[in-house]
Structures are given as structure tokens and as C-alpha cells.
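In the text below, chain A, chain B and the rest are named by the order of the sequence lines, each starting its count at 1.
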Amino acid sequence: MDIATPAGMLAGMFLLIMAIVIGGGVSGVMAFINVPSMLIVVGGTLAATLVRYPLGRVFGLMGIAMKTIFFKLSTPRVEVQRMVEFAKVARKEGLLALENKVADVKDIFLAKSIQLLVDGTDAEGLRSILERDIENVRQRHSIGKGILESMGTVAPAFGMMGTLIGLVLMLRDLEDPSSIGVGMATALITTFYGVLLANLVCLPMGGKLALRSKEETLLKELMLEGIVSIQSGDNPNIVEEKLTIYLSPAQRKRSTSEDSGEK
Amino acid sequence: MDIATPAGMLAGMFLLIMAIVIGGGVSGVMAFINVPSMLIVVGGTLAATLVRYPLGRVFGLMGIAMKTIFFKLSTPRVEVQRMVEFAKVARKEGLLALENKVADVKDIFLAKSIQLLVDGTDAEGLRSILERDIENVRQRHSIGKGILESMGTVAPAFGMMGTLIGLVLMLRDLEDPSSIGVGMATALITTFYGVLLANLVCLPMGGKLALRSKEETLLKELMLEGIVSIQSGDNPNIVEEKLTIYLSPAQRKRSTSEDSGEK
Amino acid sequence: MDIATPAGMLAGMFLLIMAIVIGGGVSGVMAFINVPSMLIVVGGTLAATLVRYPLGRVFGLMGIAMKTIFFKLSTPRVEVQRMVEFAKVARKEGLLALENKVADVKDIFLAKSIQLLVDGTDAEGLRSILERDIENVRQRHSIGKGILESMGTVAPAFGMMGTLIGLVLMLRDLEDPSSIGVGMATALITTFYGVLLANLVCLPMGGKLALRSKEETLLKELMLEGIVSIQSGDNPNIVEEKLTIYLSPAQRKRSTSEDSGEK
Amino acid sequence: MDIATPAGMLAGMFLLIMAIVIGGGVSGVMAFINVPSMLIVVGGTLAATLVRYPLGRVFGLMGIAMKTIFFKLSTPRVEVQRMVEFAKVARKEGLLALENKVADVKDIFLAKSIQLLVDGTDAEGLRSILERDIENVRQRHSIGKGILESMGTVAPAFGMMGTLIGLVLMLRDLEDPSSIGVGMATALITTFYGVLLANLVCLPMGGKLALRSKEETLLKELMLEGIVSIQSGDNPNIVEEKLTIYLSPAQRKRSTSEDSGEK
Amino acid sequence: MDIATPAGMLAGMFLLIMAIVIGGGVSGVMAFINVPSMLIVVGGTLAATLVRYPLGRVFGLMGIAMKTIFFKLSTPRVEVQRMVEFAKVARKEGLLALENKVADVKDIFLAKSIQLLVDGTDAEGLRSILERDIENVRQRHSIGKGILESMGTVAPAFGMMGTLIGLVLMLRDLEDPSSIGVGMATALITTFYGVLLANLVCLPMGGKLALRSKEETLLKELMLEGIVSIQSGDNPNIVEEKLTIYLSPAQRKRSTSEDSGEK
């Protein structure tokens with residue numbers, strides 16, 4: 001699991017709670033828990049998202065988004081090593097021997113690629129099927145990012161609406177001055193929730209999903225090129241050389257030094 | 001009918017009303033009904049839209065937008081099946097036999113396509129007529145989206161103007177302190193309306209229209225390719241294969257498993 | 001004249017005045033008339049526009065913008081009919097016979113096109129001269145739109161400056177509490193003016209100018225293609241067919257049904 | 001000198017001062033002069049600009065920007081006439097005779113072009129040297145525009161910071177109610193300065209620089225084409241014809257009528 | 001070290017402190033030091049950045065960003081001279097003689113280029129390795145810029161959250177009116193911090209990183225072209241001529257006059 005995203009959220013929440021405790025004591029924290037405000041901000045944001053995106057997709061894509069964000073990706077270097085290993089197996093024992101490897105592969109995309117390879121799909125078919133899969137993943141991620149960003153835009157607006165509701169109700173009845181402060185405090189909490197939801201959750205997660213999507217599709221493209229290279233009977237060294245362009249110089253250098261270290 | 005859009009709007013409204021009732025009782029809801037405020041926000045937003053878009057088009061395109069947003073679309077898979085079925089009929093009984101199918105087809109675009117096919121329009125003519133139709137639908141949607149988005153930008157501005165009107169009128173006469181609260185409350189309601197109209201209605205519907213437009217033109221392109229393929233005498237299997245690229249992998253997989261299930 | 005733009009502005013103004021009258025009586029309307037505020041918003045917006053755009057151009061282009069926005073355009077269908085009619089004349093009586101038509105043509109661009117045709121300009125020259133004219137119109141519109149949009153951005157800023165001026169002057173002298181309300185009311189009016197000018201006038205008119213510019217250049221391109229087609233001696237049916245691509249399907253259908261109605 | 005930019009700024013300042021005098025008398029103007037506020041807005045904006053742009057460049061480019069904005073450009077028509085005149089001289093007396101003209105030419109770019117021409121630089125070298133010069137001017141303008149726009153974004157933020165400083169200092173000491181008003185007034189002035197600097201100075205001048213940059217590079221391109229045409233020995237009529245594409249139709253028409261007027 | 005960036009930040013800070021001292025005396029400065037507010041703004045901004053960007057990268061890339069921003073770059077002219085000098089050495093003593101120069105070269109990219117040259121890498125390999133390095137640097141800069149800009153967007157939002165926390169806590173307990181002022185002052189400081197962090201630090205540094213990235217990649221491209229030119233055995237004059245396109249006209253002119261001065 002990628003630790004940064006949940007760690008960042010928890011750290012942000014912790015800092016805000018700390019600041020509340022320093023300013024208002026532990027009892028101050030209670031002042032920031034307000035169920036109707038949460039209903040307005042979280043519920044309203046979800047409602048506006050449903051108006052915009054189809055029902056099933058919102059939940060399905062949120063799931064994909066979560067997995068993409070929290071799931072730790074493999075690295076290009078590890079995958080290059082794996083493709084080279086597969087190429088060695090294919091060289092020695094033939095393409096069919098790769099079928100035994102499928103069970104060890106957790107990555108669905110890679111497992112499917114090997115299966116297609118073993119089934120004897122030709123290079124063009126392999127490439128067109130897998131490229132469509134990659135394009136599909138990219139589009140799902142892009143819609144997921146769109147959902148998160150539209151939630152990040154709408155959340156502060158619902159926060160503001162909640163504050164306006166609170167203010168209007170409070171202003172109707174100003175006879176008891178002692179209640180004005182509490183009324184305004186409650187009203188402002190909804191704005192606080194909206195800004196928090198947008199800036200600590202929705203918008204940065206949308207940004208992370210975009211970054212992850214790029215990394216994930218790069219990995220998948222690397223696998224695709226590796227599988228096609230193996231199919232065409234390239235020897236392991238050539239497979240490695242072809243896939244090197246997917247590594248950053250830093251990754252390449254480490255890879256080389258380790259190789260020489262092994263010798 | 002696509003349930004998500006109206007459901008989302010109703011859910012959002014319900015949540016806001018609930019929050020008002022919790023905060024101010026049922027009588028609090030009355031405080032949020034203010035006819036002049038509605039006049040300013042809804043009327044002013046429509047007025048500014050009329051300044052920007054031609055009169056007839058605003059209403060016509062709003063109708064198209066509504067239909068596009070609320071009407072439930074067919075799925076690519078269903079349409080592929082339908083095209084395959086048509087291809088079988090054309091194979092067995094000739095192109096003219098498709099004329100009997102026109103009556104069953106509710107989709108105007110598809111009905112027109114079949115009619116053109118039966119009338120013996122050549123491939124190039126068919127393609128140019130239908131592509132122009134698709135382009136036209138796309139443009140109408142794009143203007144509809146522009147109208148909804150410009151309404152979403154203008155609505156909060158008119159909400160603010162209404163609040164300024166309320167504040168100015170209230171500030172002119174501060175002698176009776178008891179009326180200040182009610183005056184300010186009434187003023188703030190207009191901002192509330194503006195933010196609500198923009199964020200729960202106009203902006204998400206504009207976004208939905210854009211999503212729908214993409215799906216609808218994709219479906220129409222699928223039909224166009226199917227009709228052209230049928231016209232060129234392709235056998236049903238080839239028609240299906242050609243149209244498969246319009247299916248996402250998930251749809252394709254299900255389609256295959258059901259096929260094998262049928263056997 | 002295109003009724004929507006002035007009608008929308010009047011409707012928007014009427015709604016706001018209505019809301020003021022409902023809230024504060026007819027005397028309330030007087031509270032919203034404040035000459036210094038108007039000076040700041042309208043004058044300041046024009047001043048900032050002069051800093052940005054050359055003196056002569058602002059007024060010249062504003063004139064063009066107004067004409068483009070308020071002037072009712074011909075429709076593609078009418079122009080296609082006209083080009084077909086011209087083609088018939090040219091067929092029967094020769095190109096020179098078109099010279100008599102120039103007097104009836106109010107559209108300057110079309111009149112110039114015909115004159116060039118009659119003068120015997122060759123196809124390439126005709127096309128290059130008229131395309132440059134179209135490009136020039138497009139650029140003038142684009143600068144006009146830029147002026148309107150920059151006014152729409154600057155107007156609320158000057159409204160805010162006016163409000164700050166009012167607040168600062170009021171806050172200097174808080175001894176007489178009864179004057180505070182009036183002072184603040186007056187200050188807020190300038191913000192009201194700025195938001196109104198931007199959202200009911202400048203921004204929607206900028207949007208309309210862009211829409212109009214597209215329609216007008218489309219019409220001019222239709223005329224250009226028609227004139228070139230006539231010059232090359234095409235018969236009226238071919239001229240009509242060539243120009244049909246400028247019609248939307250709806251316009252084309254009506255055109256066809258009317259044709260058959262005439263027979 | 002181009003009168004519109006300084007005239008617009010002065011007019012805007014005058015309007016604001018007028019509005020202050022109407023509202024608060026001449027003594028009111030004094031309330032708007034606050035040295036610490038100016039320090040924060042002007043100084044802070046410059047400081048943030050230094051963080052972003054290299055030291056020497058900010059001042060150098062500001063100078064270029066000023067010159068570009070305030071300096072009145074020649075018009076395409078005048079330059080076409082000049083190139084035609086040069087072509088006549090070159091025709092009659094040879095290219096070397098143009099050397100006498102260099103002294104009369106104030107435009108550095110044109111003087112350099114003629115010098116290169118007289119020095120016998122070949123067409124390709126001429127074009128590559130001058131095009132690089134044009135590109136260089138364009139880039140300097142683009143950075144100048146970036147500086148002005150980033151100042152326009154930062155100025156209101158420093159205005160807000162100044163207001164927050166004023167409010168915090170005022171709120172620390174609320175014992176003397178009579179000082180509250182003056183404290184708030186002073187605080188708000190900084191926001192006023194920030195909005196003014198951005199909307200009357202920085203942003204419109206950035207926009208003007210962009211407009212000017214386009215006009216200036218167009219003029220330089222016209223000169224480049226003219227010089228290349230003269231070098232290749234074109235006769236004056238052909239030079240004029242080649243350069244006509246740089247004139248707008250309005251300019252071309254006037255040019256033609258004056259020509260015929262001369263005959 | 002590039003003086004402008006830290007100088008600008010210090011100048012901005014100094015101006016703000018000056019303004020505080022003028023308005024509230026030295027004791028006023030103390031009112032602006034508030035640890036919980038700093039925790040919320042700086043900590044919250046970092047937390048949100050961690051949600052968006054992977055843990056290791058944020059710190060690694062921040063380091064790269066700092067180095068890029070504060071490190072003074074060489075100039076194109078100096079590097080052209082260096083490449084010419086290398087070309088002379090290579091001409092006289094052969095490519096291998098350049099190996100002695102590597103020790104003097106501090107720039108890692110250039111040292112690597114020379115090493116590759118000395119090692120006998122062929123032109124195509126040299127170019128592909130070095131271009132990938134340049135692309136990699138560009139991407140790291142682009143992510144660094146993204147981090148700084150997202151911090152600049154998030155900082156004011158956390159400032160606002162801190163202010164809301166302060167206001168809510170203060171409003172809960174309005175019994176002691178004397179504490180209201182101090183409470184509000186403290187609340188507003190967090191907004192002040194957020195706006196300051198964004199506008200004096202994050203956003204301008206993001207802009208500077210983008211400018212620097214352009215300059216640095218230009219220098220690297222110049223070196224790459226120089227090394228390739230040296231490898232192909234070009235004589236020093238040709239190397240200089242080829243690299244001149246990387247100099248602005250101003251740099252070129254100075255370069256020429258100095259050359260003639262040397263003779």
C-alpha cells in the first residue's frame with residue numbers, strides 16, 4: 001500500500017485537531033462535530049456528483065480510483081527484470097512454458113498478456129487487444145479524476161450553502177444575544193467542512209489519480225512491448241535493451257551497477 | 001429514464017431541507033421561500049442567457065438538453081447485437097427485407113440509416129449524410145452545454161446582486177433594530193438560491209450533457225459503421241467483429257461468455 | 001434587428017427594479033441611483049479598457065460589435081436560394097447580367113463579390129481577396145470580443161474599489177451612528193453596479209459576439225463558394241448541391257419539402 | 001507617443017479622486033494617502049516579482065515593456081511606402097545607394113536590415129539573421145507580459161495582506177472605540193491599492209504589451225519581406241504587391257484611392 | 001548563487017514587518033507570531049501535498065527545485081567558449097585528450113557527455129543517451145513546478161480553515177467582550193500566513209523553476225550539439241558557428257566585439 005496518501009490525510013486531520021485543542025481545549029473539538037453540517041457537505045457533494053455522473057459509474061469508478069490511489073505500483077525496473085526472465089524461459093523451454101508462470105502473476109493485465117501469447121495470438125492481434133485495454137484503463141482513470149475534481153469544486157459551494165442556511169436561521173431570531181455566537185459558530189463549521197473536504201481529500205486525490213494513471217499505463221506499455229518482443233523470439237538481452245527506454249537514467253544506472261555487482 | 005440526474009437533484013434538495021428543519025424547525029423552511037429572490041436569480045439568469053444566445057435556440061436547445069440528460073441511452077452491446085441481427089436478415093432475405101424492421105426501430109437516426117440503405121444510397125452518400133447528422137447532434141449538444149455552463153456562472157452573480165439589493169434597502173433604515181436580522185436573512189437567501197442553482201442544477205447538468213453527448217455520438221458511429229458494413233454485404237460475423245472496437249473490454253467479455261452460454 | 005439581446009437586458013433590468021420595488025417601495029429605487037458610483041464603474045471600466053486597447057479601435061470596434069450583436073443576420077437557406085437565383089441569371093444572360101443585381105444587394109461583402117465577378121477577376125484572385133476579407137472580419141470580431149470580456153473582468157474590480165472608497169470615507173467618521181447605514185448602503189451600490197455591468201451586459205455580449213462571428217463568417221464562406229461556383233459556369237443545380245453542406249439537416253429538410261410543395 | 005495608455009490611466013485616477021472628493025471632500029483624499037499601505041502593495045509586488053524573475057531582467061524588461069507600450073508604432077502602410085521607395089532607389093542607383101538612407105532610418109531593425117543588404121549578405125543569411133531578431137523581440141515581449149501579469153495577480157494578494165495586518169493590529173486594542181473606524185479605514189486602503197494597481201495598471205498594460213508585440217513583429221516581418229524582395233531585384237510594383245498582404249483591406253483601399261489621387 | 005530569489009523573499013518579509021512596526025510598534029510584531037497558525041498553514045499544506053505526490057518524491061524533488069532555483073546557471077556564451085576550446089584540444093591532441101578536462105568540469109551533464117565521447121560512443125548513441133537525460137531533467141522540473149503550484153493553491157485554503165477554527169472557538173464564548181478582538185486577530189493571522197506563503201514563496205518559486213528549467217535545458221542542448229559537433233571532427237570555427245543559434249543577438253554581438261578585441 002502506498003503510505004503517502006492516507007498518511008498525508010491523517011497528518012492534515014491531526015494538525016487541525018491539534019490546533020483546535022490548543023485554541024479551545026478538548027471540549028473545543030466537540031464544537032467542530034456537527035451532523036447536519038456533515039450531511040449538507042458530504043451528502044450535497046455526492047448528490048451533485050450523481051446529477052453529473054451515471055449512478056453505477058460513480059461507485060464503480062470511485063472504487064477503481066481508490067484502488068489506483070492506495071495500491072502500491074510495481075516499478076519499471078522490477079517489470080523489466082520480469083520480462084527478461086520470461087524471455088529466458090521462452091528461449092530455453094518455448095513460449096508454452098510461460099503458461100506455468102501465469103499463476104504467479106498477480107497483475108491481471110500481465111496474466112492476460114501471457115495467456116494471449118501462449119494461445120498463439122499473432123503480434124498484431126496481441127498489440128491491438130492490449131492497447132485497447134490500456135486505453136480503457138486510461139479512460140476510466142480520467143473519468144475517476146473528473147469525478148474527484150468536480151467533487152472538489154462542489155464541496156466548498158455546499159459548505160457555503162450550509163453557512164447561509166445557518167446564518168439565515170440565526171438572523172431570524174436575534175432576541176437572545178447569547179445564542180448569536182453559537183449560531184454563527186455552527187454556521188461557519190459547514191464552510192470549514194467544505195474547504196477541508198475539497199483541499200485535503202478531493203482535489204489532491206484527483207491529482208494523485210492522474211499521476212498514478214500515467215505511471216500505471218507506462219508500466220502496462222512496458223509489459224506490452226516486452227510480450228511482443230518475446231513473441232518475436234528476441235533473445236533476453238535484446239528484450240532488456242528494448243525496454244530500457246522505459247527506465248529513468250537513475251533507474252538504469254542502479255540496474256547496471258547491480259548487474260555488475262552480481263557478476 | 002436515467003434515474004441518477006433527477007435522483008441526485010432530489011437528494012440534494014432533501015438534504016438541504018432536512019438541515020433547515022433540524023436547525024430551525026418546519027417554520028424555518030418558510031424562511032427560505034422568498035419570491036422576489038427567486039425572481040432575481042432564476043429570471044436574471046434566464047435574462048442574461050437571452051442576451052448571450054438567440055431566443056428560439058435557448059428554449060429549443062434546453063429541450064434537447066433535457067431529453068439528452070434524462071433519456072436513458074441504449075448500450076453499445078445491445079446495438080451491436082441489433083446490427084448483427086440486421087446483417088443476418090440482409091444475408092438471408094436481401095437488403096430490402098430490412099424495410100420491415102424500420103417500424104420497430106424507435107431511434108430516429110437508426111431508422112433513417114436503414115431507410116437510406118433500403119433506398120439504395122451508395123456507401124459514400126450514406127456515410128456523408130449520416131456523418132453530417134452526427135456532427136450536427138454534437139454541435140447542438142455543445143451549444144446546450146455552453147448555455148448550461150453560462151447559466152451556472154451567471155446564477156451566483158445574480159444571487160449576489162439580490163443580496164446587495166436586500167442589504168442596501170435594509171441599511172437605509174436602521175431605526176428599528178429588530179428588523180435588521182430579518183432584512184439580512186432575506187438578503188442572504190438570494191445568494192443561497194444562486195449558489196444552489198449553479199451547483200446542484202446548471203453546472204452538473206452541463207457536465208452530464210457533455211458525457212451523454214460522447215456516449216450518444218459513439219452509439220451513432222457504431223450504427224453508421226454497422227449499416228455501411230451490412231451494405232457492403234459483410235457476413236454477420238464480420239459485422240460483429242468490426243463493431244467490437246466500440247465495446248469496452250468488460251462489455252466484450254460479458255458478450256463472449258453469454259455467447260458461449262447460449263451454445 | 002435581433003430581439004433577444006436587448007430584450008434580455010431589459011428583462012434583467014426590469015426584474016431587478018421589480019425586486020427593489022417589492023422590497024423597498026418606489027422610493028427604494030432612488031436609493032440605487034448614485035452618480036459617483038456610476039462614474040467609478042462605467043468610467044473606470046472604460047479607462048482600464050483604454051489602457052489596454054488603442055483609442056480609435058475601442059470606439060470603432062465597439063461600433064462593429066454592436067452592429068454584429070444587434071443586427072439580424074440572414075440565414076444560410078436564404079443565401080443558398082439567392083446564389084441559385086444568381087446562377088440561373090448567369091446561365092441565361094451571362095455573368096455581366098449580374099451587375100444589375102448589385103444594386104439590390106445590401107450585404108457589402110456580397111456586393112463586392114459580385115462586382116469582382118463581373119469585373120472578370122479570375123477564380124484564384126477572387127478567392128484570395130474574399131478569404132482575406134473574411135479573415136479580417138473574424139479578427140475584428142475577435143478583438144471586439146476581447147474588449148467586451150476584459151470590460152467584464154474589470155467592471156466588478158472597479159465596483160469593489162468604489163465600495164472600498166465608500167467604506168473608508170464612512171469609517172473615518174463614525175460619530176453619527178445614523179449615517180452609518182446610509183454610508184454603507186451607498187458603498188455597496190458600486191459593487192452592485194460592477195456585478196450588474198459585467199454579468200448582464202459585458203460578458204454575455206462578448207459571448208454573443210463570438211456566436212455571431214461564427215454565423216457571419218459561415219454565411220460569407222457560403223457566398224464565396226457560391227460566387228466561385230457561378231464563375232466556373234456550374235449550372236444552378238450543382239451550385240445548390242455544393243452549398244448544401246452549409247445547411248443543417250433541419251434547414252435542408254425544410255428546404256426540400258418546400259421545393260416539393262412548390263411543384 | 002501612444003496617448004491611449006497614459007490617458008486611460010490618468011482618466012481612471014481622476015475618476016476615482018473625483019468620486020472621493022464628491023463623497024468626502026478634499027480632506028477625504030488625504031485619507032487615501034497611506035505610505036505603509038503603498039510600501040506593502042508596491043514593494044511586496046516587486047519583491048514577489050524578484051522571487052520569480054531574475055534581477056537584471058525585471059528592470060531591463062520593464063524598460064522594454066514601457067517603450068513598447070508607450071512608443072507609437074509606425075503603420076504597415078507607411079512602411080510599405082518606404083519599402084517601395086527603397087526599391088525605386090535600388091532600381092535606379094543600385095543596392096549600395098541605399099547606404100545613404102540608413103542615416104534617416106530611426107528604426108534600429110530596419111537600419112540593420114539595410115546595412116546587411118548593403119554589405120552583400122545573401123538572401124538566406126539575411127532571412128535567418130532577421131528572423132532570429134524578430135523571434136528574440138517576441139520572446140522579450142512575452143516575458144515582459146508575463147512579468148506584468150504576475151504583478152497583476154500578486155498585487156491584490158499583497159493588498160489583502162496589508163488589510164489583514166491593519167485589522168489584526170486594530171483588533172488587539174479595541175478599548176478606544178473611536179479609533180476602530182480609523183483603523184479599519186486604514187486597513188481597507190491597502191486592499192484598495194492592490195485592486196487599483198492590478199486592474200488599472202498591471203493587467204491592462206500586460207494586455208497592451210501583447211497587442212503591441214503582435215503589431216511590432218508584423219511590421220518587422222513586412223520589412224524583412226521587403227528587404228528580401230529588394231535584394232532579389234524585384235521592381236517597385238512587385239515589391240508593393242508582395243507587401244500588400246500585410247495591409248488590412250481598409251488600409252489597402254485608402255492606399256489605392258490616394259494613389260489614384262496622386263495621379 | 002542567484003541573488004534575486006532569496007533577496008526578493010527577504011525584501012518582501014522586511015516590508016511586511018516594517019509595515020507592522022509602523023502600525024503597531026515592535027510589540028505589534030509579536031501579535032503576528034502564532035505557532036498553531038503556522039502549524040495549520042505550513043503543516044496542512046505539506047499534508048495535502050503528500051496526499052497528492054508520492055512521499056519520497058516530494059522531498060527529493062523539493063531539493064532539486066531548490067537547487068534549480070537558487071543555483072546560478074552558467075551562460076550560453078561561456079559554454080560556447082568552452083565547447084570551442086574543447087574543439088581546439090580535440091583538433092590538436094585528439095578526442096582522448098579531452099579526458100584530462102573532465103576533472104575540471106563541475107557540470108555533471110557535461111562531464112558525462114565528455115566521458116561518453118572519450119569512450120568512443122557513436123553519434124547516434126551519444127545523442128539518444130543525452131537527449132533522454134535532458135528529457136528526464138525537464139520532467140523532474142515539471143513535477144517540481146507542479147508541487148510548488150499545488151502548494152500555492154492549497155496554502156490559502158488552509159489559512160482560511162485556520163481562520164474558521166479561530167472564529168468558531170471565539171464565537172462559542174462571547175461573554176468576555178474584551179477577548180473578542182484578540183480572538184479575531186488570532187483567527188485572521190492564519191489567513192495572513194496562507195496568503196503570504198502562497199504569494200511570496202510557493203507561486204513565484206514555481207514560476208522561477210519553470211523559467212530556470214527552460215534555461216537549463218537550453219544549456220544542455222547547446223552542450224549536446226557541441227559534443228556531437230566535436231565528435232564529428234568539425235573544426236573550432238564551425239563548432240562556434242553551429243552553437244551561435246543558442247545565443248541571443250545581444251550575446252552574439254558582445255561575443256563578436258570581444259573576439260575582435262582579442263586580436
| Step-by-step side chain to side chain contact (heavy atoms under 4.5 Å, CB included) determination, C/F192 to B/I165 | CA-CA 8 Å; C/F192 176 75; B/I165 289 176; 3.6 Å; yes

| task | Give the minimum heavy-atom separation between B/R172 and C/A31, together with the two atoms involved. | result | CD-CB, 3.3 Å

| message | Can you tell me how far apart CD1 (C/I189) and CG (B/L171) are? Round to the nearest 0.5 Å. | response | 10.0 Å

| To the nearest 0.5 Å, what is the distance between CZ (B/F158) and CG (C/L196)? | 6.5 Å

| field | Contact winner vs chain B - C/V182, C/I20, C/I180, heavy-atom pairs under 4.5 Å | value | C/I20

| Rounded to the nearest 0.5 Å, what separation is found between the CG atom of C/L209 and the CZ atom of B/R52? | 11.0 Å

| Counting heavy-atom pairs under 4.5 Å to chain B, which of C/L15, C/L203, C/V201 comes out on top? | C/L15

| B/I108, CD1: over 12 other non-hydrogen atoms inside 6.0 angstrom | no

| Can you name the closest pair of heavy atoms from B/A47 and C/G8 and give their distance? | CB-O, 3.3 Å

| query | For C/T163, is it the side chain, the backbone, both, or neither that has a heavy atom closer than 4.5 Å to a heavy atom of chain B? | reply | neither

| Under 4.5 Å between any side-chain heavy atoms of B/L169 and C/F32, yes or no? | yes

| Who among B/I40, B/L50, B/L39, B/V51 has the most heavy-atom pairs with chain C under 4.5 Å? | B/V51

| Under 6.0 Å from the NZ atom of B/K145, do we count more than 12 heavy atoms belonging to anything else shown? | no

| note | Under 4.5 Å to a heavy atom of chain B? For C/A7 that would be neither

| note | Here the pair of heavy atoms bringing C/L211 nearest to B/P54 is CD1-CD, 4.1 Å

| remark: Per-residue tally against chain B (heavy atom, under 4.5 Å) across C/G28, C/A210, C/A198 peaks at C/G28

| request: Compare all side-chain heavy atoms of B/M161 with those of C/N199 and state whether any distance is below 4.5 angstrom. | output: yes

| Taking everything shown except C/E241 itself, do over 12 heavy atoms lie less than 6.0 Å from its CD? | no

| said: As an exercise: rank B/A157, B/G183, B/G162 by heavy-atom pairs under 4.5 Å with chain C and give me the winner. | reply: B/A157

| remark: The interface call for C/L200 against chain B, heavy-atom contacts under 4.5 Å, is both

